[in-house]
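Worksheet: the structure to be examined is printed underneath.
Keep in mind that the numbers below use all heavy atoms, side chains included, and drop hydrogens, waters and symmetry copies. Start at 1 and go down the list; that is how both ligands and their atoms are numbered.
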Amino acid sequence: MKKDIADREDVSLLVHTFYKKVRANKDIGFFFNETINDWDEHLAKLTDFWESNLFLVQKFKGRPGRAHIEVDYKYEHKIEAYHFGVWLNLWFETLEELFEGPLAERAKNHARNLGHNFFMKIFSARPK
Ligand code: HEM
């Protein structure tokens, strides 16, 4: 049986493994590869984000709503629900490979909700 996500080290493994898949993905990899320059910084930030999310600590400092609106602007408003679907599938796949338990489930549910939330923010920020 797999273990559940228990600490920052586990979150870091999750985030690193996930982004390897994202960067190699033909449908969404380029958004990340073309936008993120400092990968060490990005992976540390996303580890903070998920640590804050799963363990209710205050580590993450960022504006993810705004960040995604900017990415959508950069790509001329071509981000679609499909891209979020690919992102979520890779997130679920990584979680299922590595972990099992209530926190792994929470990471799935939160990502699903965040995906809706970010996409709605992107959508409502587009020129009418
Ligand atoms: C449920 C889905 C997603 C979650 C939970 C998520 C989460 C995040 C978070 C927390 C950040 C850091 C934001 C900050 O700096 O304040 C980020 C950045 C980013 N996200 Fe997402 N994301 C999701 C989906 C996507 C999708 C579908 C795309 C592309 C199509 C995307 C592209 C990016 C890019 C390129 C950045 C870097 C922005 C920058 O540093 O300028 N994300 N994401």
If we number the atoms of ligand 1 from 1 as shown, the ones under 4.0 Å from a heavy atom of Gly115 are 1 (C)
Return yes if a side-chain donor-acceptor contact under 3.5 Å exists between Lys74 and Thr35, otherwise no.
yes
Can you tell me how far the CG atom of Asp10 sits from the NZ atom of Lys3, to the nearest 0.5 Å?
3.5 Å
What protein heavy atom sits nearest atom 30 (C) of ligand 1, and how far off is it?
Phe31 CD1, 3.4 Å
Going by ring pair (Phe, Tyr, Trp, His ring centres under 6.0 Å), name the residues that satisfy it together with Phe55, two or more places apart in sequence or in a different chain.
none
Look at atom 39 (C) of ligand 1 and say which protein heavy atom is nearest, naming residue and atom and giving the distance to 0.1 Å.
Thr35 CG2, 4.1 Å
Against heavy atoms of Gly62, which atoms of ligand 1 measure under 4.0 Å?
16 (O)
Which pair of heavy atoms, one from Phe49 and one from Pro64, lies closest together, and at what distance?
CE1-CG, 4.3 Å
Can you name the nearest heavy-atom pair linking Val11 to Thr47, along with the distance?
CG1-O, 3.7 Å
Name the closest protein heavy atom to atom 40 (O) of ligand 1, giving the residue it belongs to and the distance to 0.1 Å.
Ile36 CG1, 4.4 Å
Honestly, for Lys45 the part within reach of ligand 1 (heavy atoms, under 4.0 Å) is side chain
Arg106 side chain vs Leu54 backbone, donor-acceptor pair below 3.5 Å:
yes
Using a 4.0 Å cut-off to any heavy atom of Arg63, which atoms of ligand 1 qualify?
16 (O)
Here the pair of heavy atoms bringing Met1 nearest to Glu100 is CG-OE2, 3.5 Å
Kindly write out the residues that satisfy ring pair (Phe, Tyr, Trp, His ring centres under 6.0 Å) with His42, not counting sequence neighbours, or none if the list is empty.
Tyr19, Trp39
Among all protein non-hydrogen atoms, which one is nearest to atom 9 (C) of ligand 1, and what is the separation to 0.1 Å?
Leu46 CD1, 3.9 Å
Side chain, backbone, both or neither: which part of Phe60 comes within less than 4.0 Å of ligand 1 when only heavy atoms are counted?
side chain
Of all residues at least two apart in sequence or in a different chain, which pass the ring pair (Phe, Tyr, Trp, His ring centres under 6.0 Å) check with Phe84?
Phe119
If I compare all heavy atoms of Leu95 with all of Ala104, which pair ends up nearest, and what's the gap?
CD1-O, 3.9 Å
At a cut-off of 2.8 Å, what protein N/O/S atoms sit near atom 21 (Fe) of ligand 1?
His68 NE2
If the cut-off is 4.0 Å to any non-hydrogen atom of Ala111, which atoms of ligand 1 fall inside it?
1 (C)
Going by distance alone, is a donor N or O of one side chain under 3.5 Å from an acceptor N or O of the other, for Asn117 and Lys121?
yes
